[in-house]
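One structure below.
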Amino acid sequence: MYSEHRYVQKCLQQIEERLNWGASDSWHNDMFIELSESIQHETKVLLSPVTLKRVWGRVDYKSAPSITTLNTLAQFAGYQNWRDFKSKGVVKRGLGISKKVRVNLSVIMFSASVMTLIFISFYSLKSPDNVRVPIDASKVIFESRPVSKGLPNSVVFNLDISEINTNNILIQQYWDPTKTITLKPNQRKATGQYYLPGYFRAKLIADGKIIKQHDLFIKTEGWLATLDYKPIPKYLKTNAINDGKLGLSNTVINELANSKVPLTSTFHMVKDFQTVSGDNFELRTIIKNTYRDKWAVCQNASIFILGTKGAMIISFAIKGCTSELGLMMNDVYVNGKEHDLSTLGIDLSQAKEIKVFVKDKKLSVFLEDRELFTGSYTEDMGRIAGVRYRFLGAGEIHSSKLYDLKEELMISFL
């Protein structure tokens, strides 16, 4: 055990209590993916599902977590950083605990004996009618349908939860565990709100346990552009494709320039690509960063490839800002604080061609014909469900083409 192991365990315990997902030893891979996304959404730092599994002891790993990981977990638990978490005195020193246990051992043993007798007596007298019957999930109905096309969009959930004998029932709409719908016993309908497109997994949860879940596809009608205000984005007219490129109007550029806080803009194309595998494809795209003033000096740009079972995020910036970059290959995350990602430092003030090539779960990223990065992952991405281009500030897309390597098929977005 590393020196701060007790502190880490206490921090993880507080996170588990906040999430209310049940015992962490029963968490499956999708839950660690959702936790990774939730932490990134709140702290702006992406801890990969693999890193989280290591911290939670689900992957055999002997080293202590990095200070970046500890700071991020502490922030997600509600503290400023790891130092702040430790200074709150959440973990008492082991020596003091041991001394108190030794002094009060006889009292503890006697109390434990009494409580055991009470416990046995209670369950001996308990009526069989009060024993909770296991839920038969096959009798539970949990379905959904979007009410319209485009964004924003409401979703209607059709329910039959009469089989569930508890008042603690909710719908978790997507990865963020705080975005839930509380249900009443025997409720038949519920509605949820979606502001961004994507491939989501809606979950019906009772007493912290997932009873049923299904995929929910919120698509775009062609390209959708957003100015990413929180919690509700601003939907933009892309003015749309002029001279073969996708960009933002001068009015939006001025809005970005006048903002006192950092703003990102995103172009979304989310649709059903049917047979295109997220583990065997090539994306060829030409992009340009068109706003580089104030807080956008680093020229940050990211390409998202969305799959039905996962996602990839490839980020770029100028050379001097690569320490802040990260690259996610589905279940594998490469942090610029811990790895040299300087090859992803490129100047996008002029339009450049980026190629994302994935063959049998191995990723290669190219600028023109120069390889910038290569790596691999293990979890299946599923089918391609869409792409996103995100700029800190604003940018343009001059070309976007997807190639199905299995079927030797090309799909042109732009």
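Here the closest non-hydrogen pair linking Ser148 and Asn153 is O-ND2, 2.6 Å. Here the shortest heavy-atom pairing between Gly393 and Leu256 reads O-CD1, 3.4 Å. Closest approach of Gly382 and Thr308 over heavy atoms only: CA-OG1, 3.4 Å. Of all heavy-atom pairs spanning Leu344 and Thr322, the tightest one is C-CG2, 4.3 Å. Across all non-hydrogen atoms, the minimal contact from Gly278 to Val358 is O-CG1, 3.9 Å. Residues Leu151 and Tyr194 come closest through the heavy atom pair CD1-O, 3.6 Å.
Ring-centre distance between Tyr403 and Phe281: not below the 6.0 Å cut-off.
A cation-pi contact, defined as under 6.0 Å to the ring centre and within 45° of the axis, links Arg18 to Phe76. A cation-pi arrangement, defined by a distance under 6.0 Å to the six-membered ring centre and an angle within 45 degrees of its axis, is absent between Arg58 and Phe32.
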TODO: Apply the test side chain to side chain donor-acceptor pair (under 3.5 Å) to residues Gln173 and Gln193: give CA-CA distance (whole Å), side-chain angles for both, the deciding distance (0.1 Å), then the verdict.
DONE: CA-CA 9 Å; Gln173 297 183 76; Gln193 188 70 45; over 6 Å; no

TODO: Decide side-chain contact (heavy atoms from CB on, under 4.5 Å) for Tyr79 and Lys86; before the verdict, give the C-alpha distance in whole Å, the side-chain angles of both, and the deciding distance to 0.1 Å.
DONE: CA-CA 10 Å; Tyr79 300 85; Lys86 295 203 304 183; over 6 Å; no

TODO: Please step through salt bridge (charged side-chain N to carboxylate O under 4.0 Å, His left out) for the pair Glu143 and Arg145, ending with a clear verdict.
DONE: CA-CA 7 Å; Glu143 302 168 340; Arg145 61 174 177 85; over 6 Å; no

Task: Verdict with reasoning, Arg388 to Leu306, per side-chain contact (heavy atoms from CB on, under 4.5 Å) - done: CA-CA 8 Å; Arg388 288 193 183 113; Leu306 309 178; 3.7 Å; yes

- [ ] May I have the step-by-step check of side-chain contact (heavy atoms from CB on, under 4.5 Å) for Ile15 and Leu73, ending in yes or no?
- [x] CA-CA 8 Å; Ile15 291 173; Leu73 291 172; 4.0 Å; yes

Open item on the list: Could you walk me through whether Tyr389 and Thr285 satisfy the side chain to side chain donor-acceptor pair (under 3.5 Å) test, starting with their C-alpha distance in whole Å, then the side-chain angles of each, then the deciding distance to 0.1 Å, before giving a yes or no?
Closed with: CA-CA 10 Å; Tyr389 295 87; Thr285 185; 2.9 Å; yes

Open item on the list: Is there a side-chain contact (heavy atoms from CB on, under 4.5 Å) between Leu183 and Ile161? Walk through the geometry before answering.
Closed with: CA-CA 9 Å; Leu183 302 178; Ile161 53 176; 4.2 Å; yes

TODO: Could you check Trp21 against Glu34 for side chain to side chain donor-acceptor pair (under 3.5 Å), going step by step and ending with a plain yes or no?
DONE: CA-CA 11 Å; Trp21 289 358; Glu34 292 187 18; 5.9 Å; no

- [ ] Check the pair Glu255, Lys234 against salt bridge (charged side-chain N to carboxylate O under 4.0 Å, His left out), reporting the backbone distance first and the verdict last.
- [x] CA-CA 12 Å; Glu255 183 175 348; Lys234 181 177 182 178; 2.9 Å; yes

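Within the 4.5 Å cutoff, the side chain of Leu12 has heavy atoms near those of the Val55 side chain. For the pair Phe157 and Phe142, the minimum side-chain heavy-atom distance is below 4.5 Å. Within the 4.5 Å cutoff, no side-chain heavy atoms of Ser302 are placed close to those of Ile314. A 4.5 Å side-chain heavy-atom check between Ser277 and Asp404 finds every atom pair outside the cut-off. Looking at Leu248 and Phe267, their side chains come closer than 4.5 Å, going by heavy atoms from C-beta outward. Here the side chains of Tyr291 and Ser265 are not in contact, with every heavy-atom distance at 4.5 Å or above. You'll find the side chain of Leu263 stays beyond 4.5 Å of the side chain of Asp228, heavy atoms only. Taking the side chain as every heavy atom from C-beta outward, Leu46 and Met328 approach each other to under 4.5 Å.
Between the side chains of Glu17 and Gln13, at least one donor N or O lies within less than 3.5 Å of an accepting N or O. With 3.5 Å as the limit, one finds no donor-acceptor pair spanning the side chains of Gln172 and Gln213. Donor-acceptor pairing under 3.5 Å is recorded for the side chains of Tyr377 and Asp279. A donor-acceptor contact closer than 3.5 angstrom links the side chains of Thr166 and Asp207. With hydrogens and angles left out, the side-chain atoms of Arg390 and Thr266 include a donor and acceptor closer than 3.5 Å. In this structure, a donor-acceptor pair under 3.5 Å is absent between the side chains of Gln40 and Tyr333. With hydrogens and angles left out, the side-chain atoms of Thr69 and Thr72 include no donor and acceptor closer than 3.5 Å.
Expressed to the nearest 0.5 Å, how far NZ of Lys401 lies from CD1 of Ile286 amounts to 7.5 Å. Between the NZ atom of Lys309 and the CZ atom of Arg383 there is a distance of 9.0 Å, given to the nearest 0.5 Å. With rounding to the nearest 0.5 Å, the separation of CZ in Arg6 from SG in Cys11 is 14.5 Å. Within the model, atoms CG of Asp84 and NZ of Lys88 stand 4.0 Å from one another, a figure rounded to the nearest 0.5 Å. Between the CD1 atom in Ile253 and the CG atom in Asn258 there is a gap of 11.5 Å [rounded to 0.5 Å]. We find the CG-CG distance between Leu325 and Asn335 to be 10.0 Å, quoted to the nearest 0.5 Å.
Residue-environment remark: NZ (Lys352) exceeds the threshold of 12 foreign heavy atoms within 6.0 Å. Lys139 NZ: 12 or fewer foreign heavy atoms inside a 6.0 Å radius.
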Anything under 3.5 Å between a donor and an acceptor, one on a side chain of residues 362-375, the other on a protein residue two or more places apart or in another chain? List them.
{"unit_1": "Glu368", "atom_1": "OE2", "unit_2": "Glu353", "atom_2": "N", "d": "3.2"}
{"unit_1": "Asp369", "atom_1": "OD1", "unit_2": "Lys355", "atom_2": "NZ", "d": "3.0"}
{"unit_1": "Thr374", "atom_1": "OG1", "unit_2": "Leu363", "atom_2": "O", "d": "3.3"}

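Distance alone, capped at 3.5 Å, places no donor-acceptor pair between the Asn280 side chain and the Lys359 backbone. Under a 3.5 Å cut-off, the side chain of Asn71 and the backbone N or O of Trp82 do form a donor-acceptor pair. A donor-acceptor pair under 3.5 Å is absent between the side-chain atoms of Thr180 and the main chain of Ile171, judged by distance alone.
Applying the salt bridge (Lys or Arg N to Asp or Glu O under 4.0 Å) test to residues at least two apart or on different chains, the pairs with a partner in residues 322-343 are Glu324-Lys337.
When the ring-ring contact (aromatic ring centres under 6.0 Å, His included) test is applied to Trp56, the partners found at least two apart in sequence or on another chain are Trp27. In terms of the side chain to side chain donor-acceptor pair (under 3.5 Å) criterion, Gln75 has no residue partners (sequence neighbours excluded). Applying the ring-ring contact (aromatic ring centres under 6.0 Å, His included) rule to Tyr199 yields the partners Phe217; only residues at least two apart in sequence or on another chain are considered. For Arg292, the side chain to side chain donor-acceptor pair (under 3.5 Å) criterion is met by no residue, not counting sequence neighbours.
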